[in-house]
**Q** 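Once you've had a glance at the structure underneath, I'll fire off some questions.
Just so it is clear, the values below take in all heavy atoms, side chains as well, and ignore hydrogens, waters and symmetry mates.
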Amino acid sequence: MEYCEGLDAEIAEESKENDMEKKEKPRKRPYHIWEVKGQEHKLKLSTKMIGALEKKYKTNILNLVSEDGLPPLSVMLTIIQAAIITWEHGMDYEKVRDLYDMWCNDGGNQIDLLAKVVMPTLVVSGFFTNTQGEAIMAELEEELI
């Protein structure tokens with residue numbers, strides 16, 4: 001019986017299989033973009049901001065956006081403020097409110113804010129799997145039609 005030293009061949013084969021699996025797995029988008037007056041604003045909640053929102057409202061963010069129909073505008077704008085602050089330092093609530101006013105002047109509304117801004121932000125922030133996120137977005141799109 002001939003003995004071969006090491007497991008290099010076996011490890012290389014397993015590594016190739018793992019690489020193929022990794023390539024097939026869809027990646028989440030790194031952030032959601034909210035476009036207002038031609039300017040793109042990146043949105044994604046960090047763990048720190050999720051904690052701050054949960055502490056402020058004393059509940060999970062999903063409870064805020066899924067109970068009793070449309071969440072209050074102030075809650076949605078506060079979620080946006082928490083999501084935008086990573087890229088736009090100094091973005092206070094008043095500036096977010098001004099962005100919303102400009103967005104509304106271009107045809108936006110509260111239902112679209114939830115469906116096209118807040119929910120996609122939660123999807124990219126890790127509240128849902130890719131599959132769940134796609135299903136939620138498709139369902140919201142159907143409701144808007």
**Q** Can you tell which of Leu99, Ile80, Thr86 makes a side chain to side chain contact (heavy atoms under 4.5 Å, CB included) with Met91?
**A**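 Per the side chain to side chain contact (heavy atoms under 4.5 Å, CB included) rule, the option paired with Met91 is Leu99, out of Leu99, Ile80, Thr86.
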
**Q** Can you classify the ring geometry of Trp103 versus Trp34 as parallel (below 30°), tilted (30 to 60°) or perpendicular (above 60°)?
**A**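 Perpendicular, since the angle between the ring planes exceeds 60°.
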
**Q** Can you name the closest pair of heavy atoms from Gly90 and Ile85 and give their distance?
**A**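 Minimum heavy-atom separation between Gly90 and Ile85: N-CD1, 4.2 Å.
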
**Q** Rounded to the nearest 0.5 Å, how far does CE of Met49 lie from NZ of Lys44?
**A**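 Reported to 0.5 Å precision, the distance equals 14.5 Å.
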
**Q** Flag yes if Ile33 and Val123 sit in one hydrophobic cluster, no otherwise; membership is Ile, Leu, Val, Met, Phe, Trp, Tyr, and two members link when side-chain heavy atoms are under 4.5 Å apart.
**A**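 No, Ile33 does not connect to Val123 through the hydrophobic network.
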
**Q** Sequence neighbours excluded, which residues qualify as side-chain contact (heavy atoms from CB on, under 4.5 Å) partners of Thr59?
**A**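 Only Tyr57, Asn63, Leu64 meet the side-chain contact (heavy atoms from CB on, under 4.5 Å) criterion with Thr59.
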
**Q** Working to the nearest 0.5 Å, report the span between CZ of Arg97 and OG1 of Thr78.
**A**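 Rounded to the nearest 0.5 Å, the CZ-OG1 separation comes out at 10.0 Å.
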
**Q** Has the side chain of His32 got a donor or acceptor atom that lies under 3.5 Å from a matching backbone atom of Lys116?
**A**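 Flag set: sc His32 to bb Lys116 pair under 3.5 Å.
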
**Q** For the residue pair Met119 and Phe127, establish whether any side-chain heavy-atom pair is separated by less than 4.5 Å.
**A**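 Answer no - side chains too far apart.
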
**Q** Are Leu122 and Trp87 connected in a single hydrophobic cluster, I mean Ile/Leu/Val/Met/Phe/Trp/Tyr linked by side-chain heavy atoms less than 4.5 Å apart?
**A**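 In one cluster with Trp87: Leu122, no.
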
**Q** Rounded to the nearest 0.5 Å, what separation is found between the OG1 atom of Thr121 and the NZ atom of Lys42?
**A**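 Nearest 0.5 Å value for the OG1-NZ distance: 13.5 Å.
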
**Q** Is the shortest heavy-atom distance from the side chain of Val36 to the side chain of His41 under 4.5 Å?
**A**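 Yes, at least one pair of side-chain atoms sits under 4.5 Å.
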
**Q** Please identify which of these residues, Val65, Leu43, Ile50, meets the side chain to side chain contact (heavy atoms under 4.5 Å, CB included) condition with Ile79.
**A**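 Option passing the side chain to side chain contact (heavy atoms under 4.5 Å, CB included) with Ile79: Val65.
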
**Q** Taking all heavy atoms of Pro120 and all of Leu114, pick out the closest pair and write down the distance.
**A**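 So the two residues come closest at CD-O, 4.1 Å.
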
**Q** Going by the rule side-chain hydrogen bond (donor to acceptor under 3.5 Å, both in side chains), which residues pair with Asn105 if we only count those two or more places apart in sequence or in a different chain?
**A**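 Once residues adjacent in sequence are excluded, Asn105 has no partner under the side-chain hydrogen bond (donor to acceptor under 3.5 Å, both in side chains) criterion.
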
**Q** Report the distance from atom CD of Glu134 to atom OG1 of Thr129, rounding to the nearest 0.5 Å.
**A**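 Answer for the CD-OG1 pair, Glu134 versus Thr129, is 8.5 Å.
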
**Q** For residues Leu53 and Leu70: do they belong to one hydrophobic cluster (side chain heavy atoms under 4.5 Å, members Ile, Leu, Val, Met, Phe, Trp, Tyr)?
**A**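 Yes; tracing contacts between hydrophobic side chains, which count when under 4.5 Å, links both residues.
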
**Q** Are Val117 and Tyr100 connected into the same hydrophobic cluster when the rule is that any two of I, L, V, M, F, W, Y join if their side-chain heavy atoms are below 4.5 Å apart?
**A**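 Linked within one cluster.
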
**Q** Compare all side-chain heavy atoms of Leu113 with those of Leu77 and state whether any distance is below 4.5 angstrom.
**A**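 Contact flag for Leu113/Leu77 side chains = yes.
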
**Q** Please say whether more than 12 non-hydrogen atoms of neighbouring residues, nucleotides or ligands are located less than 6.0 Å from NZ in Lys37.
**A**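 Yes, the 6.0 Å shell around NZ holds more than 12 heavy atoms from other groups.
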
**Q** Check side-chain contact (heavy atoms from CB on, under 4.5 Å) between Glu35 and all other residues, then give those that pass, not counting sequence neighbours.
**A**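 For Glu35, the residues satisfying side-chain contact (heavy atoms from CB on, under 4.5 Å) (neighbours in sequence not counted) are Glu40.
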
